[in-house]
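See structure below.
Protein chains get the first letters and strands the later ones, always in sequence-line order, with residue 1 at the start of each.
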Amino acid sequence: MSQPILICEKLSKSYKKGVVVLDELDFCVEPGKIVGLLGPNGCGKSTLLKLISGLLTPDSGSITVCGQERSEQTNAHISFLPERPYFSSGMTVNAMLDYFEDFYEDFDRSLATVMLKDLEIDPAARMRTLSKGTKEKVQLILVMARRAKLYLLDEPIGGVDPAARDYILKTIIGNYNPEASVIITTHLIADVESVLDDFAFVDKGKIAMYGNADQTREQHGTSLDELFREVFRCSRNA
Amino acid sequence: MFKKCLKYDLAATRKIWLIAAAVMLLLAIVGGIGISGIPIASLLMESQAASGPDMGLFAAVALMFVGVISYIAIIYAVAIFTGGVNILLYVRYYRHFFSDQGYLTFTLPVKRSTLFWSKTVSGLIYMLATLTVSFVSILCAGLGFVTPALLSPQIAEIMGMSFQGLFAGLSLLDALYGLVLLVLFLVLVVVIEFASLMLQYLIITLAATLFRSRKALGVIGVYAGIGAASMILYFVTYFIWAIYLVLTIAMLGMGLFALFAVPVLGWLGIYLLILVLIAAALTAGTVFANCTMQRLERKLNLS
């Protein structure tokens, strides 16, 4: 069996005033999997991605990426798409391509150029002139044009129109390295569930349910979207 | 990776800095020409006093007015230019590290210390370049004032300027002492700029990581706090220094100060003073830098 891409062991994170966001969470992702990290608002999905990408430091527990303990070096294997645009408004799309090409050895510029063309985005355009949705598309293109081992996509389709969603999901499936893994967090479960291999429901800082998407659908006779509603309705009523 | 970070840090400010520096130099040259009106006006006024006022008086007053306005404009322009560049550097630091751009900055495969030192070196380069442009601008103003006197002995006489024997009596040893002093002074300038930049980065880092919301207000609050603490420290230092001086004079008389009157010891005394200042600024800058890096390693506070 191949080595897991990501192992999170007993991961805990709390913010001030004693708000526990992750509570000894265990999570493991095998290579070649697209995993949906699903849960209600504030359950710790984004916090988990920030911990994996190194933006936050865990209170306790460990994170291993590609067999290495998490550090700046493991960032070279991780392609992270945050929820918000991180561009400097004065930069052009082309300048961002240069930036990614300089810092990430695994960045495939020709692939990024093709994707920009497909989505009719002008590479000479300045970021400040682009709409919020277009900025999100550019950001996704930059992230997916890397040949990374682990893609962390925080709400990748949240701000784009339904037509672009299909393209983005196709891009996610079509462009990632089969040896790599993708973790997607989203509320739009119905839109993404067709691309998921595995899913994890996160609740109160723990993995409440983890499984194979197809098997779970077959076993419960329902879609992940409906199962999510059922599980979290129960958990809220309990 | 450091080179790549530095390349982008320098590029982020290059365009706006080049424009600002070009405007500053242009203004300094025009201002320098304007300032040359002051000595020329003095000459005109002198001749008016001798021959009685006519239309030339109006020209003299106008030239004097233009000269004074040019002088004031250059002083303000230098202040705005240096202050503006500093503010630009601080804003860039804040944006790259603590705004949404931090999501990109801190997910690069680069150590936080590398990111920090790249920002420090690029900031220092711009601060020193800004100082150089400001110095050249002030030189332009000075040249504007002196050139008419250099060209016309009459103006030189009216302005009370004498350039003859300016370097007379200057020995080779004096020149050497002066050169060493210049080098030490330049090192002092670099080190003070470093300490100042590190203090500003520390203030921004503390404010941005301490406050979840209203970070800008936080920066002002932390700045005021550190400013007040520095003032108290300065006051205490000066107080101790004053007591020391009074006691020294009381115990030894003015003999200690006489050391500075001896040629060689005088230069050495000044060197020693500058070296102490360099060491103090370097120590302060290093402490500020370490505090900032420790804070950055511990918390980013991205929204």
Side-chain angles (χ1 to χ4, degrees), chain A residues 13 15-17 19 46-47 49-57 59 65-66 68 70-92 95-96 98-107 127 132 135-136 138-139 142-143 146 148-152 154, chain B residues 1-20 88-89 91-119 122 208-213 218 293-303:
Chain A
K13 178 72 186 172
Y15 292 119
K16 276 182 186 173
K17 297 170 191 169
V19 179
S46 294
T47 300
L49 296 195
K50 285 180 188 173
L51 286 167
I52 298 167
S53 60
L55 292 168
L56 291 174
T57 312
D59 298 336
V65 179
C66 301
Q68 289 175 277
R70 215 228 76 75
S71 68
E72 290 83 8
Q73 287 168 336
T74 57
N75 280 354
H77 304 305
I78 300 171
S79 195
F80 176 51
L81 177 80
E83 209 178 339
R84 30 181 97 219
Y86 50 41
F87 302 117
S88 166
S89 56
M91 282 179 105
T92 63
M96 283 309 298
D98 293 339
Y99 191 86
F100 267 65
E101 204 171 23
D102 264 349
F103 282 101
Y104 297 109
E105 287 176 9
D106 57 10
F107 184 70
M127 287 300 166
K132 186 172 174 274
K135 278 183 197 163
E136 287 186 12
V138 173
Q139 199 154 296
L142 291 167
V143 167
R146 283 185 58 199
K149 300 269 176 59
L150 178 62
Y151 296 86
L152 306 174
D154 197 359
Chain B
M1 279 297 180
F2 177 78
K3 274 187 186 172
K4 286 178 187 174
C5 293
L6 188 61
K7 176 182 134 185
Y8 281 97
D9 282 335
L10 288 172
T13 315
R14 186 172 53 216
K15 200 174 169 185
I16 192 162
W17 187 88
L18 284 174
I19 294 170
L88 186 72
L89 292 174
V91 169
R92 292 254 185 254
Y93 177 80
Y94 176 84
R95 278 203 187 149
H96 286 185
F97 280 7
F98 303 110
S99 73
D100 288 345
Q101 286 181 44
Y103 282 95
L104 179 61
T105 309
F106 291 110
T107 50
L108 293 172
V110 181
K111 283 183 180 174
R112 287 185 189 179
S113 57
T114 307
L115 293 166
F116 175 76
W117 285 116
S118 154
K119 284 266 177 295
S122 63
T209 54
L210 280 174
F211 302 96
R212 191 82 187 149
S213 57
M293 274 195 292
Q294 277 184 21
R295 189 72 195 162
L296 280 176
E297 290 292 345
R298 210 176 298 161
K299 196 177 179 188
L300 293 174
N301 205 20
L302 297 174
S303 48

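- Chain B forms more heavy-atom pairs under 4.5 Å with one residue of A/Tyr104, A/Tyr86, A/Phe87 than with any other, namely A/Tyr86.
- Proximity to chain B involves both the backbone and the side chain of A/Ser88, based on heavy atoms less than 4.5 angstrom apart.
- With sequence neighbours excluded, the residues that form a side-chain hydrogen bond (donor to acceptor under 3.5 Å, both in side chains) with A/Arg70 are A/Asn75.
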Original post:
Should A/Asp102 and B/Lys4 be marked as a salt bridge (Lys or Arg N to Asp or Glu O under 4.0 Å) after you check the CA-CA gap, both sets of side-chain angles, and the distance that decides it?
Top reply: CA-CA 7 Å; A/Asp102 264 349; B/Lys4 286 178 187 174; 5.3 Å; no
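- Heavy-atom pairs under 4.5 Å with chain B peak, among A/Pro82, A/Gly90, A/Ser79, at A/Pro82.
- The aromatic rings of B/Phe97 and B/Phe106 lie tilted to each other, with the angle between the two planes from 30° to 60°.
- Considering only residues two or more places apart in sequence or on other chains, A/Phe107 meets the ring pair (Phe, Tyr, Trp, His ring centres under 6.0 Å) condition with A/Phe100.
- Interface residue A/Phe103: backbone and side-chain heavy atoms are both found under 4.5 Å from chain B.
- For B/Arg95, no part lies near chain A; criterion is any non-hydrogen pair under 4.5 Å.
- Aromatic ring orientation, B/Tyr103 versus A/Phe80: tilted (interplanar angle from 30° to 60°).
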